[in-house]
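In the text below, chain A, chain B and the rest are named by the order of the sequence lines, each starting its count at 1.
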Amino acid sequence: NAGVTQTPKFQVLKTGQSMTLQCAQDMNHNSMYWYRQDPGMGLRLIYYSASEGTTDKGEVPNGYNVSRLNKREFSLRLESAAPSQTSVYFCASSPGQAGGNTIYFGEGSWLTVV
Amino acid sequence: KNQVEQSPQSLIILEGKNCTLQCNYTVSPFSNLRWYKQDTGRGPVSLTIMTFSENTKSNGRYTATLDADTKQSSLHITASQLSDSASYICVVSVSSGGYQKVTFGTGTKLQVIP
């Protein structure tokens, strides 16, 4: 049982380049999330998908897009990377709403934009 | 000002000793409070979850307490082990218009030394 799997683990981008972070969960969860974690700050929600077919903005959505490809997969795309997007990105999932359910996190993706 | 504040920011203790981590929150209306453990380079993992009506919850050597009146929670670690070295994150959920919003604290970094 892999839980939440995200790729790549590490990535270095040049300013202006684009990339997609992939995420998949095998727990049949309805809700999926993308967070970023920066030093001295709590995890911040970028985008979430409450259920298959829906996506909504979180706290810090600017510069990102997402796709809920199916119930298992939720990808995060940076169209034109900026140094401010250097961060650790976590994909997560929960059976239902994050507030009322345990959130299960992936192992993180370390992104550096130079 | 963070709506979920944790203290101390970092802590070093000797193996075998006990310690207590604090979490104060200002968000409302409160739904539940969770503690997560995040090992270096890994995603957070849930330790405990407490609703408004619960004032204590244990998970092995970890005991979380909640005082909803003063909006304070603590995580007590008994007989610490080297493997307890990690960041501990307090997470508070609030109900708003049928949706539950999740707010993460910035974490306490615990180092257990031999």
Q) Can you say whether the rings of B:Tyr88 and B:Tyr62 are parallel (under 30°), tilted (30 to 60°) or perpendicular (over 60°)? A)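 Tilted: the ring planes of B:Tyr88 and B:Tyr62 meet at 30° to 60°.
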Q: Pick one of side chain, backbone, both or neither for A:Tyr104, based on which atoms fall under 4.5 Å of a heavy atom in chain B.
A: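 Neither; nothing under 4.5 Å.
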Q.
Is A:Gln6 close to chain B through its backbone or its side chain, or both, or neither, when contacts mean heavy atoms under 4.5 Å?
A.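 For A:Gln6, no heavy atom lies under 4.5 Å from chain B.
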(Q) Taking every non-hydrogen pair under 4.5 Å, which of A:Lys9, A:Glu59, A:Gln37 racks up the most with chain B? (A) A:Gln37
Q. Does a side chain donor of either B:Arg61 or B:Thr78 reach within less than 3.5 Å of an acceptor in the other side chain?
A. no
Q: Determine the option with the most heavy-atom pairs under 4.5 angstrom with chain A, choosing from B:Gly105, B:Ser46, B:Pro44.
A: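 Looking at each of B:Gly105, B:Ser46, B:Pro44 in turn, B:Pro44 comes out on top.
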Q.
Is the distance from the ring center of A:Phe10 to that of A:Trp110 below 6.0 Å?
A.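 They qualify: ring centres under 6.0 Å apart.
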Q. Non-hydrogen atoms of chain A under 4.5 Å away: do they reach the side chain of B:Gln38, the backbone, both or neither?
A. side chain
Q: Please confirm whether the backbone N or O of B:Lys17 pairs with a side-chain atom of B:Ser80, one donor and one acceptor, at under 3.5 Å?
A: yes
Q. Would A:Tyr48 and A:Tyr89 show up in the same hydrophobic cluster when neighbours are defined by side-chain heavy atoms closer than 4.5 Å?
A.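 The answer is no; the residues belong to distinct hydrophobic clusters.
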